[in-house]
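All heavy atoms count here, side chains included; hydrogens, waters and symmetry mates do not.
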Amino acid sequence: MNKLTSLFSPSGKYARLSIVLYHSISPEPDELLSEQGDAAIFDAHIRYLSSHFNILPLHEAIQRLQDGTLPSRAVSITFDDGYANNAEVALPILQKYNATATFFIAAGFINGGMMWNDKVIELIRRAPGNLLDLNEIGFGKHDISSLEQRQKTLFALVNKFKYLPHAEKYTQLEKLCHLIPVILSENMMMTADQIRQLHNAGMEIGGHTVNHPILARTDNEAAYTEIENGKKILEDIIQAPVRLFAYPNGKPGQDYLTEHVTMLKEIGFEGAVSTAWGAANKNADIYQLPRFTPWDKNRIRFVMRMVQNMFRTANTC
């Protein structure tokens with residue numbers, strides 16, 4: 001298997017860098033979020049990666065990609081958003097395999113915050129009864145009498161909320177909380193101590209704005225402030241430079257634009273990642289590096305998806 005992956009991913013100037021992306025890693029499978037990773041799946045993934053690929057810290061991998069010294073089968077591991085279970089569940093698994101990762105953290109949710117999508121998820125998870133009436137906020141009525149119907153309702157609402165203007169999104173979310181008066185978790189996202197724990201364990205901390213807005217739908221002054229302040233908050237916590245950035249949502253030309261790439265350079269970031277699939281070669285824009293999530297549970301399928309991804313041409317702005 002390693003000979004096969006080396007054939008498709010040689011070393012040196014023809015090398016390709018694969019960057020894998022994770023978010024929340026729950027201790028146990030989550031029925032409502034059936035596609036979300038859990039500890040057992042993540043453990044298997046890191047085992048596959050450590051057996052068949054060369055795991056590198058992202059900052060080092062970017063430098064070696066530019067220098068033409070990247071090893072064959074090079075891969076870097078990343079996480080977005082800053083979930084507490086990244087420190088509680090993922091970190092011990094990474095350490096088990098002597099693997100490193102970069103954690104891109106939305107700084108505004110540290111110490112008790114919750115991202116808008118997670119609020120929607122937890123509200124729908126806990127909503128009582130079989131029918132959810134959201135006519136008051138213009139979102140209609142929804143059958144939630146079964147797990148399948150709750151999933152359908154959840155995905156519909158997340159899609160409605162995702163591209164609302166920032167202020168409107170949070171106004172509507174507040175109304176949703178009033179319509180579904182349930183108690184939400186206050187420990188879903190990392191604390192400052194957990195961020196320091198990751199940093200002290202040799203993991204890299206990266207920027208991900210303050211409030212995770214869709215940059216392409218944010219005016220330039222606000223976007224600049226979000227990017228710059230997110231960096232400063234994290235640097236104050238770890239007392240070290242924050243060198244890398246992940247675009248919220250991350251689709252080139254849809255979630256971020258060329259002006260945001262320029263902002264990163266002005267603010268002092270040394271590279272950035274998107275969510276366009278593909279693997280980076282020596283000609284890649286290091287401020288728009290591709291990433292993907294191979295959620296296959298089977299080892300052979302996982303490795304073959306990694307190989308398949310090496311031939312994808314990533315979109316950029």
Side-chain angles (χ1 to χ4, degrees), residues 20-45 78-86 88-90 106 109 113-164 166 168-189 208 212-214 217 248-251 254-255 275-277 291-298 301-302 305:
V20 294
L21 164 62
Y22 297 96
H23 290 85
S24 177
I25 306 294
S26 59
E28 303 293 337
D30 186 334
E31 283 190 339
L32 184 64
L33 305 175
S34 55
E35 294 185 1
Q36 178 174 291
D38 59 56
I41 295 173
F42 183 69
D43 186 289
H45 281 196
T78 66
F79 291 79
D80 278 9
D81 301 336
Y83 291 96
N85 59 35
N86 291 175
E88 298 161 352
V89 179
F109 304 103
M114 183 182 284
M115 298 179 68
W116 70 265
N117 56 302
D118 291 310
K119 282 191 177 181
V120 175
I121 290 167
E122 296 310 312
L123 288 169
I124 301 307
R125 186 194 303 279
R126 293 168 168 76
N130 294 323
L131 182 66
L132 184 60
D133 187 350
L134 302 179
N135 277 326
E136 187 176 321
I137 59 174
F139 287 171
K141 292 183 179 180
H142 301 270
D143 178 5
I144 54 171
S145 59
S146 67
L147 175 62
E148 183 180 358
Q149 290 299 330
R150 280 186 190 258
Q151 289 174 328
K152 183 178 178 180
T153 297
L154 172 60
F155 298 144
L157 289 178
V158 166
N159 286 333
K160 284 180 181 292
F161 271 91
K162 182 176 288 188
Y163 290 105
L164 287 176
H166 187 75
E168 183 182 350
K169 178 184 297 179
Y170 282 90
T171 297
Q172 293 288 71
L173 185 57
E174 186 176 348
K175 292 178 181 178
L176 187 64
C177 289
H178 286 302
L179 289 173
I180 311 175
V182 297
I183 297 173
L184 298 178
S185 171
E186 295 183 353
N187 60 0
M188 180 170 287
M189 309 307 285
H208 200 40
H212 203 275
I214 303 299
R217 298 195 174 216
N249 243 49
K251 296 182 181 66
Q254 180 176 334
D255 299 321
T275 57
W277 283 44
R291 293 186 296 170
F292 82 119
T293 303
W295 271 124
D296 301 87
K297 299 178 183 179
N298 175 276
R301 289 181 180 176
F302 178 92
R305 192 178 299 275

Leu131 and Ser145: side-chain contact (heavy atoms from CB on, under 4.5 Å), yes or no, with the steps? CA-CA 7 Å; Leu131 182 66; Ser145 59; over 6 Å; no

Kindly say whether the aromatic ring centers of Tyr83 and Tyr22 come within a distance under 6.0 Å. no

To the closest 0.5 Å, what do you measure between CG (Leu176) and CD1 (Ile137)? 5.0 Å

What are the two closest non-hydrogen atoms of Arg150 and Leu32, and how far apart are they? CB-CD1, 4.1 Å

Any idea which heavy atoms bring Asp143 and Gln149 closest together, and the distance? O-CB, 3.1 Å

Whether the side chain of Asn135 engages the backbone of Gly138 through a donor-acceptor N/O pair (distance < 3.5 Å, no angle test) should be reported. no

Rounded distance (nearest 0.5 Å) linking atom CD of Gln254 with atom CD1 of Ile214: 8.5 Å

Can we call the ring centroids of Phe161 and Phe139 under 6.0 Å apart? yes

Is a donor on one side and an acceptor on the other found under 3.5 Å between the side chain of Asn85 and the backbone of Ile25? yes

Heavy-atom closest pair (Pro29 atom, Asp38 atom, distance to 0.1 Å) is CG-OD2, 3.4 Å

Once you round to the nearest 0.5 Å, how far does CG of Asn117 lie from CG of Asn249? 9.0 Å

Within the 4.5 Å heavy-atom criterion, are Leu179 and Leu132 side-chain neighbours or not? no

Taking the inter-plane angle between the rings of His208 and His212 on a 0 to 90° scale, is it parallel (under 30°), tilted (30 to 60°) or perpendicular (over 60°)? perpendicular

How long is the gap from CG on Leu164 to OH on Tyr170, to the nearest 0.5 Å? 11.0 Å

Is it true that atom NZ of Lys251 has more than 12 heavy atoms of other residues, nucleotides or ligands lying nearer than 6.0 Å? yes

Side-chain contact test, heavy atoms from C-beta onward, threshold under 4.5 Å: evaluate it for Asp81 versus Met189 and give yes or no. yes

Can you tell me how far apart CD (Gln151) and OG (Ser146) are? Round to the nearest 0.5 Å. 8.5 Å

Does Glu136 have more than 12 heavy atoms from other residues, nucleotides or ligands lying within 6.0 Å of its CD? no

Between Thr275 (side chain only) and Gly250 (backbone N and O only), is there a donor and an acceptor less than 3.5 Å apart? yes

Considering all heavy atoms, the nearest Pro294-Val20 contact: CD-CG1, 3.9 Å

Side chain to side chain, Lys141 and Leu134, heavy atoms closer than 4.5 Å: no

Presence of salt bridge, Asp80 and Arg291, under 4.0 angstrom: yes

Full working for side-chain contact (heavy atoms from CB on, under 4.5 Å) between Gln172 and Lys175: CA-CA 5 Å; Gln172 293 288 71; Lys175 292 178 181 178; 3.5 Å; yes

Asp30 and Arg125 ion-paired at < 4.0 Å: yes

Lys/Arg N to Asp/Glu carboxylate O, Glu122 vs Arg126, below 4.0 Å: yes

Got a donor-acceptor contact below 3.5 angstrom from the Lys169 side chain to the Tyr163 backbone? no

Indicate yes or no for a side-chain donor-acceptor contact from Asp118 to the backbone of Met114 under 3.5 Å, with no hydrogens or angles considered. no

Looking at Trp295 and His45, what are the two nearest heavy atoms and their distance? CE3-CE1, 3.3 Å

Check step by step if side-chain contact (heavy atoms from CB on, under 4.5 Å) holds for Arg305 and Phe292. CA-CA 10 Å; Arg305 192 178 299 275; Phe292 82 119; 4.2 Å; yes

Arg217 side chain to Asp255 main-chain N or O, any donor-acceptor pair under 3.5 Å? no

Kindly indicate whether the side chain of Leu154, heavy atoms from C-beta on, has any atom under 4.5 Å from the side chain of Leu33. yes

Does some side-chain heavy atom of Trp116 sit less than 4.5 Å from a side-chain heavy atom of Val158? yes

Nearest 0.5 Å please: distance from the OG1 atom of Thr153 over to the CD1 atom of Ile144. 7.0 Å

Heavy-atom closest pair (Pro27 atom, Ala39 atom, distance to 0.1 Å) is O-CB, 3.6 Å

